[in-house]
There are 2 protein chains.
Amino acid sequence: MTDRSYSISQLASEFGITTRTIRFYEEKGLIHPRRQGQKRVYSAGDRVRIKLILRGKRIGMSLQESVEVIDLYDPAHNNRGQLHSLIRTVQDKRERLLRQKRDIEDMLAGLDEVQALCEQGLENAD
Amino acid sequence: MTDRSYSISQLASEFGITTRTIRFYEEKGLIHPRRQGQKRVYSAGDRVRIKLILRGKRIGMSLQESVEVIDLYDPAHNNRGQLHSLIRTVQDKRERLLRQKRDIEDMLAGLDEVQALCEQGLENAD
DNA sequence: ACCATAGTTTACGTTAACGTAAACGTAGGC
DNA sequence: GCCTACGTTTACGTTAACGTAAACTATGGT
């Protein structure tokens, strides 16, 4: 199906990051591309992982936190018997995200006020 | 009105940070407490600034970015004549925040799925 | 044969945001 | 008079997340 593969520079330019960054992520164990000779070849899954890592970064997660979340989706990491602790982990993540969401909404509300004042200032200037 | 004042350790314990952190913020010009002798005395305004800085941090802003946003609220920095560029700045901040909000909502949706799978797993185990 | 392009490894450099420690001042309590 | 708590300055250390540079390999084109 989605068995496309990508070179390192393809992904770098797609995501607006450097190849150094992608190799760094591998060095840190965040991704595991396969090799053709000595060249790295990235699968669709590798690509998604990078995408999710960058999403995490945008909302202020560390790389480690991002992969923690990503690996929640990964059935391989979800050994049964730890379902309860996994649910607690999910709950923790959710609470933090909800707080971040509130923070963002508060900040947006503040910006609304500022903008209103600006536009008022412009009217007066006319 | 809110002319209370605070010691450095009061604010540190209230916000769960160290005094070192607060002095560091001053060193970087983020806050400007007044002095009594050589001791720092923080006003209600100083306290709010710290609170807003920490809010920024929670959503992944750098300290510099946080004060940028905070200073948007500050009329002292809003010299008229730059209203247009200020509005553009506000718009930029808003777009980024909206994207972060989408990222968070996506991640929350992902967590919902994981949790559903977990609970399903628990039912089967009963 | 030669060059440009894309890839590789190895290693040192850099920035932000503090932590940690030393060495000292000062005010209150016993 | 001494200890304790709280404050100060100065300075070096630390971690994360890459940047930058050097030196090399592999390959397709002319």
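Below, read A as the first sequence line, B as the second, and so on, with proteins coming before strands; counting in each chain starts at 1.
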### Message
Do the side chains of A:R94 and B:D112 get close enough for a salt bridge, i.e. N-O under 4.0 angstrom?
### Response
yes
### Task
Kindly say if A:Y25 contacts the phosphate of D:dC18, meaning a side-chain N or O under 4.0 Å from OP1 or OP2.
yes
### Query
Think A:S7 has a side-chain N or O under 4.0 angstrom from the OP1 or OP2 of C:dG7?
yes
### Query
Do we see a donor-acceptor contact under 3.5 Å between the side chains of A:D46 and A:S43?
yes
### Task
Identify, between B:Q10 and A:L63, the residue whose nearest nucleotide on DNA chain D lies closer to the 5' end.
B:Q10
#### Entry: For DNA chain C, the residues among residues 34-59 of chain B that have a non-hydrogen atom under 4.0 Å from it
B:K57
### Query
Between the base of C:dT8 and the side chain of A:R23, is there any donor-acceptor pair under 3.5 Å?
no
### Message
Please compare B:R20 and B:Q64 by the position of their nearest nucleotide in DNA chain C and report the one closer to 5'.
### Response
B:Q64
### Message
Is there a side-chain contact between B:T18 and the phosphate of C:dC18, meaning an N or O under 4.0 Å from OP1 or OP2?
### Response
no
### Query
Within the pair A:S9 and C:dG7, is there a side-chain N or O less than 4.0 Å away from OP1 or OP2?
yes
### Touch class at under 4.0 angstrom, heavy-atom based, for B:T19 against every strand present
nothing
### Query
Can you tell me how far the CG atom of B:D103 sits from the CZ atom of A:R58, to the nearest 0.5 Å?
4.0 Å
### Query
Salt-bridged, A:R88 to A:E95, with N to O below 4.0 Å?
no
### Message
Strictly below 4.0 Å: does B:T21 bring a side-chain N or O up to OP1 or OP2 of C:dA17?
### Response
no
### Query
Measuring from B:L63:CG to B:L30:CG, what's the distance to the nearest 0.5 Å?
5.5 Å
### Query
Salt bridge check: are B:D74 and B:R49 linked by an N-O gap of less than 4.0 Å?
no
